[in-house]
Amino acid sequence: MASSRRQYPFHLIEPKWQQIWDIQQTFRAFNPGEEMPENHPFARRHKLAGKPAAAQLPPKCYILDMFPYPSGVGLHVGHPEGYTATDILARYKRALGFNVLHPMGWDAFGLPAEQYAVKTGQHPRQTTEQNITTFKRQIQSLGFSYDWSRELATTDPDYFRWTQWIFLKLYNSWFNPETNKAEPISRLKFPKELDLEDIAKSPEALELAKLEKKDFDVEALKLWNRRREYRDSRRLAYVSEQPVWWCEQLGTVLANEEVVDGKSEVGGFAVVRKPMRQWMLRITAYAEKLLADLDTIEWSTSLKEMQRNWIGRSEGAEVNFEVEKSLVPGSPSETIRVFTTRPDTLFGATYMVLAPEHALIDQMKRSGVIPTHWPAGTRNEWTGNAENPNDAITAYQWTASIKSDLERTELAKEKTGAFTGAYAINPVNGQKIPIWIADYVLASYGTGAIMAVPAHDTRDFEFATKFNLPIVQVVQPPDPRTDWQGFMDDGTSVNSTGPEISITGLATPEAKKKITAWLEAKGLGKKTVNYKLRDWLFSRQRYWGEPFPIVWKKGPDGHPYHEALPESALPVLPPELTDYKPTATGEPPLARAKDWVNLPEGSQRETNTMPQWAGSCWYYLRFLDAKNPNAFVGKDTEQYWMGSQEPKSQTPDPKSTPGVDLYVGGTEHAVLHLLYARFWHKVLYDLGYVSTPEPFFKLVNQGMVLGEDNQKMSKSRGNVIPVDVPVQEVGTDALRLFEMFMGPLEMVKPWSTRGVEGVYRFLGRVWRLFVDEKSETEFEQAETTAETQRRGELLNLIKLDSAIKDVAATPAQSKTLHACIKKVTEDLDGLRFNTAISALMVFVNDAMTWETKPVSVLRDFLILLQPFVPHLAEELWAKLSIQNPTSNIQHPSLPYANWPKFDPALLIESEMEIPVQVNGKLRDVIKVPADADNAALEAAAKASEKVQQFIAGKAIKKVIVVPKKLVNIIVAG
RNA sequence: GCCGGUGUGGCGAAAUGGCAGACGCACAGGACUUAAAAUCCUGGGACCGUAAAAAGUCGUGUGAGUUCGAGUCUCACCACCGGCACCA
């Protein structure tokens with residue numbers, strides 16, 4: 001292809017316009033109150049030059065891409081798909097009159113730069129900056145209309161100081177269940193026993209006493225400690241010692257969301273459960289809001305479903321089972337609390353299972369509920385090889401603890417467990433049921449304990465079958481032929497009558513209601529909602545991330561506690577290191593910087609860093625006000641860009657939506673970034689820092705672009721096409737156009753080099769629709785001899801085709817144009833880029849045959865073309881303007897030219913072609929006047945010769961006439 | 001296993017319940033050219049026909065249904081893609 005003649009001089013046109021846009025700052029978006037340069041095309045379009053901008057700005061439109069992680073490899077042709085879609089929309093919305101915010105930045109913290117640093121000693125900042133340079137060059141070569149003045153990187157101290165600031169807001173807030181929102185921690189009410197009765201016991205008094213007398217009130221200190229613990233345990237950012245995912249190869253802990261199939265999402269390394277002290281964010285407090293508010297936003301069903309599944313809400317009941325009293329006199333009674341979604345099956349509970357890590361197990365050992373010998377009548381398959389219950393439990397707990405979760409899930413083909421020797425009492429019928437421990441019950445979900453109903457739960461059924469435990473039917477399937485064993489759906493309760501309560505004969509929903517009410521009345525349980533969602537593990541043992549604005553101190557009794565740094569201490573910069581590995585003792589790399597860690601007054605800095613997701617949780621807010629030194633975003637600015645606004649009555653009539661108007665990105669962030677960002681946004685909303693409860697009003701996932709071989713693009717397959725290749729060979733405009741022409745945005749679709757050439761040919765046709773062939777030949781000859789730096793000017797040699805005249809359009813030409821306007825406009829509104837492009841092609845195919853080409857028609861066409869193919873459209877627009885100055889005076893800048901409005905009157909035909917069917921089969925197409933009434937249509941249809949062949953001599957039973965559409969004649973026989 | 005999505009020519013794909021295959025790729029024929037490239041014009045679902053047409057029949061994963069009429073709506077099934085997966 002390289003040897004063939006260029007379709008048009010894109011190699012000169014594209015750099016030329018990118019430079020003009022850059023110098024003119026064409027796509028700079030203006031904030032309320034910002035001064036606008038006199039000659040900026042946006043100011044001219046909206047007549048805002050020299051006026052106070054605040055009140056005058058047109059409605060906003062915020063169009064956002066998921067900002068990339070700048071890897072060293074650069075972009076391949078799959079990357080620009082989403083960027084192209086948003087850019088087309090941004091340019092379209094500008095033409096409609098919106099104030100469009102379309103920014104780009106870098107999600108730049110991350111593991112690859114750090115791993116490279118460990119290997120080579122090169123500072124991650126240096127690697128990151130190099131990668132950003134590469135990415136930026138490539139993205140800029142694609143001609144997107146980003147406002148680069150708002151560019152940001154999450155690794156900039158001016159950025160992450162506000163990430164740390166938001167962390168302080170989380171740290172200094174708690175979730176008040178009464179108001180159902182986050183509130184400052186200062187408003188936390190202490191329980192009575194922790195209330196300060198005596199000012200002398202206040203922390204301040206305590207500190208004074210300590211300093212002056214080297215002595216303190218022990219009681220006051222205890223109270224002070226307990227108050228602090230109480231408060232710290234309720235913060236939205238809190239420290240917790242609990243089993244977390246530890247990845248040895250990555251040298252860090254990971255969040256639930258970052259662990260896939262028992263392996264790290266990054267790198268696919270093994271992960272193990274390990275109890276560690278970690279920072280957590282209380283996302284579970286927002287489970288209900290995160291779920292409910294999905295109904296208020298326009299996301300794809302599949303994406304919403306993914307979030308719903310991840311949040312995993314289930315309604316059910318908690319039920320208390322008394323453990324059968326121990327033989328030790330005077331020992332306290334114990335209760336096992338279980339969660340079930342099927343309280344209606346309570347009569348079928350024939351045993352109980354505790355997770356191996358359940359805290360009650362140790363307590364039961366201590367209280368003697370667990371017997372020292374196997375109870376009489378214990379079956380052989382229940383005891384295994386263990387001498388006594390204690391040994392059995394200890395052995396099983398040990399086996400379970402050394403299993404990784406990979407083994408626990410992947411190898412769990414067969415159920416395992418151990419009998420504790422103890423029994424519980426089923427509250428509905430007083431029956432004694434054995435208590436087991438088994439790792440198919442997870443400590444982290446519900447109460448960590450279950451009542452097992454083997455008749456109506458697959459897992460319980462498997463377990464009961466293996467260990468020979470009783471299986472009792474309590475639900476009758478609606479269809480009597482269905483086997484009740486393992487029947488899990490709704491049916492009718494049977495065998496469900498006890499001394500105080502009966503639900504026999506009730507349908508499942510009623511049975512649930514009745515038994516739950518009874519449990520509540522007896523104090524034996526209550527209606528409960530459970531979520532799969534866990535709190536967000538928020539610390540990482542890494543170097544290249546945001547340090548926590550937290551220090552650790554020791555109380556007078558030596559007890560460590562944490563404290564937030566003041567806002568004035570932000571940003572907390574990471575220390576300079578030469579070695580980026582974790583320490584030999586397994587501490588994070590930051591711990592190597594002793595001078596940094598140990599503060600003069602004796603406290604120590606937190607050495608964990610935040611996860612990569614922190615920076616991306618709020619970057620869309622920083623874009624609004626990227627340079628603001630005083631706030632993470634200015635209040636008026638936030639309200640303008642994120643708040644919903646009444647549509648202003650002007651032409652055109654744009655409407656704004658709350659939050660980001662359009663967010664486009666890959667589906668890989670469904671339960672990571674998109675859930676975390678919603679969570680932070682809701683906290684900021686509760687605290688009054690943002691105007692909307694949801695950040696992203698409309699979200700579209702672009703489908704993946706596969707390699708030409710229909711496989712996902714990857715280095716190992718060797719099918720990766722870097723963006724630079726098509727940009728060199730056919731230009732950015734052709735690349736952009738093909739990205740959108742391949743098919744619907746959301747679909748997965750394969751790359752096609754031939755296809756790119758096809759749209760490139762189309763652009764050549766557009767070019768030839770406008771330019772004079774002779775002048776182009778002269779240009780080409782001049783180009784071969786000209787010096788490189790003068791070539792850009794040679795474009796001026798190219799003249800417009802002499803058929804382009806400043807004359808009125810013929811009716812047929814107007815019709816072609818307006819059909820195109822209608823289709824492109826409607827398709828852009830529906831994000832159907834591929835069909836919009838086909839409409840542009842239809843227009844060009846027709847216009848190529850015109851003997852005279854009216855300037856006004858071509859100008860409107862260029863406005864339609866401009867969002868897709870901005871460089872070529874600008875070049876042709878400029879030529880039209882130069883050669884037809886009078887007619888273009890009110891259109892100085894193509895990106896801000898008014899989007900044409902389609903006139904339905906121009907599309908009305910005088911004659912129409914109407915298909916005629918006989919018995920539903922097409923037999924003829926007849927020409928009729930457009931205003932023909934039903935009777936005339938019917939008569940014309942019957943008069944058709946072809947139709948006559950099928951209806952002659954037959955009885956007409958019925959005639960269906962659809963005005964302007966079709967006639968269908970139904971005949972007998 | 002559960003949830004979501006998608007099945008239409010050789011290929012990417014279009015079609016408010018109303019002419020299936022717009023637009024493009026690939027292909028074939030022609031024009032221009034010494035020739036090629038580029039460009040322009042023409043053709044095209046399959047089958048059956050025919051010198052060539054016309055006419056006809058069948059066609060949107062499979063099978064049923066609703067309807068004057070179904071790619072589109074309903075039910076059942078099959079295949080592929082994505083997500084979740086001992087979550088009680």
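Just so we're on the same page: letters track the sequence lines, and every chain starts at 1. Remember, predicted model here, so these are calculated numbers, not experimental data.
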Does a side-chain N or O of A/R923 approach OP1 or OP2 of B/A55 to a distance below 4.0 Å, or not?
no

Which part of the nucleic acid does A/I450 contact within heavy-atom distance under 4.0 Å: base, sugar-phosphate only, or nothing?
base

Classify the side chain of A/K965 versus the base of B/U16 as yes if they form a donor-acceptor pair under 3.5 Å and no if they do not.
yes

Taking syn as any angle within 90 degrees of 0 and anti as the rest, which one fits B/G9?
syn

Ignoring hydrogens and angles, state whether a donor on the side chain of A/W299 or A/Q307 is under 3.5 Å from an acceptor on the partner side chain.
no

For the C1' atoms, the ones on B/C41 and on B/A46, what distance do you get once it is rounded to whole angstrom?
27 Å

For A/K964 and B/C19, is the shortest distance between a side-chain N/O and OP1 or OP2 below 4.0 Å?
no

In short, salt bridge (charged side-chain N to carboxylate O under 4.0 Å, His left out) pairs touching residues 825-838 of chain A with sequence neighbours left out are A/K822-A/E826, A/K823-A/D827, A/D827-A/R832

Under 4.0 Å, heavy atoms only, any strand: does A/Q917 hit a base, just the sugar-phosphate, or nothing?
base

Under 3.5 Å: donor-acceptor pair, side chain of A/S496, backbone of A/S493:
no

Gap in Å between the two P atoms, one belonging to B/U72 and one to B/A20, rounded:
14 Å

Please determine if a side-chain N or O atom of A/N968 lies less than 4.0 Å away from the OP1 or OP2 oxygen of B/U67.
no

What's A/K304 touching, base or sugar-phosphate or nothing? Going by heavy atoms closer than 4.0 Å.
nothing

Quick one, A/F741 with A/F868, criterion ring-ring contact (aromatic ring centres under 6.0 Å, His included). Give me CA distance, side-chain angles, the key distance, then yes/no.
CA-CA 10 Å; A/F741 187 59; A/F868 303 88; over 10 Å; no

The correct list of stems in which RNA chain B takes part (3 or more consecutive Watson-Crick or G-U pairs, distances under 3.5 Å) is B:1-7 with B:78-84, B:10-12 with B:23-25, B:27-31 with B:39-43, B:45-47 with B:56-58, B:61-65 with B:73-77

With a 3.5 Å cut-off and heavy atoms only, can you find an N or O donor on one side and an acceptor on the other between the side chain of A/K957 and the base of B/C68?
no

Determine the Euclidean distance between corresponding P atoms of B/A79 and B/G71; express it in Å to zero decimal places.
24 Å

Test ring-ring contact (aromatic ring centres under 6.0 Å, His included) applied to A/W850 and A/F843, step by step:
CA-CA 11 Å; A/W850 295 349; A/F843 173 90; 5.7 Å; yes

What is the nucleic acid contact for A/D460, judged by heavy atoms within less than 4.0 Å: base, sugar-phosphate only, or nothing?
nothing

Nucleotide B/G21, atom C1' - distance to CG of A/L922 in whole Å
15 Å

When we call it a touch if two heavy atoms are under 4.0 Å apart, what does A/S838 touch: a base, just sugar-phosphate, or nothing?
base

Any side-chain donor near an acceptor of the partner, A/N320 and A/T335, under 3.5 Å
no

Using a heavy-atom cut-off of 4.0 Å across all strands, would you classify A/G446 as base, sugar-phosphate, or nothing?
nothing

Between A/T849 and A/D457, whichever has its closest RNA chain B nucleotide further toward 5' is A/T849

Answer with base, sugar-phosphate or nothing: what part of the nucleic acid does A/T340 contact at a heavy-atom distance below 4.0 Å?
sugar-phosphate

A/Q948 (side chain) donor-acceptor with A/K942 (main chain) under 3.5 angstrom:
yes

Between A/A839 and A/S314, who's closer to the 5' end of RNA chain B by nearest nucleotide?
A/A839

Please state whether the phosphate of B/C68, meaning OP1 or OP2, lies under 4.0 angstrom from any side-chain nitrogen or oxygen of A/K958.
yes

Give the C-alpha distance, both sets of side-chain angles, the deciding distance and a yes or no for salt bridge (charged side-chain N to carboxylate O under 4.0 Å, His left out) between A/E81 and A/R736.
CA-CA 8 Å; A/E81 195 198 5; A/R736 291 170 54 114; over 6 Å; no

What's the closest nucleotide to the A/M841 side chain, out of B/A88, B/A26, B/C23?
B/C23

Should A/N834 be listed as having a side-chain N or O under 4.0 Å from OP1 or OP2 of B/A14?
yes

What interatomic distance, in whole Å, is found between P of B/U6 and the corresponding atom of B/A14?
12 Å

Candidates B/A55, B/C86, B/C40 - which lies nearest the side chain of A/D439:
B/C86

Side-chain donor-acceptor pair under 3.5 Å between A/T416 and A/Y396, yes or no?
yes

Considering just the side-chain nitrogens and oxygens of A/Q7, establish if one lies under 4.0 Å of OP1 or OP2 belonging to B/U39.
yes

Tell me whether the side-chain N/O atoms of A/R761 come closer than 4.0 Å to OP1 or OP2 in B/A26.
yes

